[in-house]
Amino acid sequence: MMNLKQFKIAMALGLTLLVSACGNGEPKANVENKSTEKKTIVVAFGPSSYGTQFTTAIQPMLEAQGYEVVPRVFSQNAQINRSMKDGEVDASIFQSVAYMEDINRLLGMDMVKLADTASAPQSLRSSRHQSLDAIKDGMTITVPNDPVNAERAARILENLGWIKIKAGVDPVKFSVNDIEKGQYDLVIKEVDPAQALRSIDDVDFAVINGNYIANMGLKITDSLIVEDTPAEHVVMVSILGKDQDQQWAKDLKKAYESKEFENYIKNEPLYDGFIFPKHWDN
């Protein structure tokens, strides 16, 4: 049984350990959390104006908070989500909710939307023809070669009456084989979205993702027709679901929702014709 002297020694030792663990009244767990907070953020884009938005307006805000920011530009969008799955990328700005959900299904991922950004609509352009009235049988039109964006492009052509889309088509499995003759007998070809503007001289018309148009210094509003983009096809910021509560993710979201970012976009002619987040209207 412990005598009085042993009891006093034990109490003194216990108090010493408690003070040592808490330090300045702060729980040890909090000290560990602060020391392990993620301070490097790798953000991915395709070759587009979304990277310009980020490096010009968002990156400086994050760096001012002490983050090391690493922008990565991928030559092909399809590479981005695989890199996120492998833990090489923390966030991406290039895809819509519809595209993300398709990739989640195909790759077994759990990506989620973090925030909105200024998003470019698709549009129909031509270097050969000055008017939609030039359309006639036998002409060639290109659309993006990924299913979700190809289906979007086909809807533009269908709304013009140029083609018809088979009933009951699944957008995530869409291809040119789901297109039928409309008012005209046309040749519809799929191309890599990043190559559509470069190959426009070789075809009659092309449906092009708007970010590539802006990235070349051209105006979306100069297109022959601009898409009325459905909400599920608007580009947004995506991350893995497991990271939603991380401080870096909250700070990234806050930057995209800031008045500074809104002012930058609205005062930059490069983004004329872009779709703005709805909360900017308030």
Side-chain angles (χ1 to χ4, degrees), residues 46-50 76-77 94-99 102 117-167 169 171-236 269-276:
S48 68
S49 59
Y50 299 117
Q76 295 182 335
N77 287 341
F94 81 98
Q95 65 187 340
S96 66
V97 168
Y99 183 87
D102 184 32
T117 189
S119 175
Q122 285 187 339
S123 63
L124 181 69
R125 299 177 75 93
S126 176
S127 63
R128 293 183 177 181
H129 310 291
Q130 303 303 311
S131 168
L132 297 174
D133 295 335
I135 188 68
K136 62 182 181 180
D137 289 345
M139 285 188 169
T140 300
I141 304 175
T142 57
V143 299
N145 66 353
D146 65 275
V148 171
N149 282 314
E151 194 264 351
R152 286 174 64 189
R155 294 295 174 190
I156 293 176
L157 303 179
E158 184 179 53
N159 288 339
L160 290 171
W162 293 3
I163 65 164
K164 291 181 180 179
I165 297 174
K166 293 178 181 178
V169 168
V172 303
K173 298 178 181 178
F174 186 86
S175 75
V176 293
N177 295 325
D178 295 309
I179 294 175
E180 298 179 336
K181 181 178 177 297
Q183 294 179 20
Y184 303 95
D185 188 7
L186 304 171
V187 178
I188 310 297
K189 291 185 177 181
E190 295 179 333
V191 297
D192 184 284
Q195 300 301 318
L197 198 55
R198 294 186 177 94
S199 63
I200 195 170
D201 291 342
D202 300 323
V203 298
D204 292 286
F205 296 92
V207 180
I208 304 173
N209 292 351
N211 54 302
Y212 297 110
I213 296 171
N215 198 47
M216 292 296 290
L218 303 173
K219 287 189 175 182
I220 294 172
T221 50
D222 288 340
S223 302
L224 293 172
I225 190 168
V226 178
E227 171 194 46
D228 183 10
T229 310
E232 66 270 20
H233 291 309
V234 172
V235 170
M236 47 79 199
L270 175 66
Y271 306 115
D272 287 350
F274 273 56
I275 304 159
F276 294 162

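Quick caveat, the model's predicted, so the values are computed rather than measured. Throughout, numbering of the chain's residues begins at 1 and tracks the sequence.
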Between Asp201 and Ser127, is any side-chain donor less than 3.5 angstrom from a side-chain acceptor? yes
[Y] and [X], any side-chain heavy atoms less than 4.5 Å apart:
| X | Y | value |
| --- | --- | --- |
| Phe274 | Ser49 | yes |
| Ile213 | Ser123 | yes |
| Asn145 | Val191 | no |
| Gln122 | His233 | no |
| Phe205 | His129 | yes |

What distance do Tyr212 atom OH and Asp192 atom CG have between them, rounded to the nearest 0.5 Å? 6.5 Å
Out of Leu160, Val226, Ile208, which one pairs with Leu124 under the side-chain contact (heavy atoms from CB on, under 4.5 Å) rule? Leu160
Heavy-atom count around Asp137 CG within 6.0 Å, excluding the residue itself: above 12? yes
From Lys189, Arg128, Lys136, residue fulfilling salt bridge (charged side-chain N to carboxylate O under 4.0 Å, His left out) relative to Asp204: Arg128
Any side-chain to backbone donor/acceptor pair from Asn159 onto Ile156? Under 3.5 Å, distance only. no
Quick check against the 3.5 Å criterion: does Ser131 have a side-chain atom that pairs as donor or acceptor with the backbone of Ala134? no
Identify whether the distance between the nearest side-chain nitrogen and carboxylate oxygen of Glu158 and Lys164 falls below 4.0 Å. no
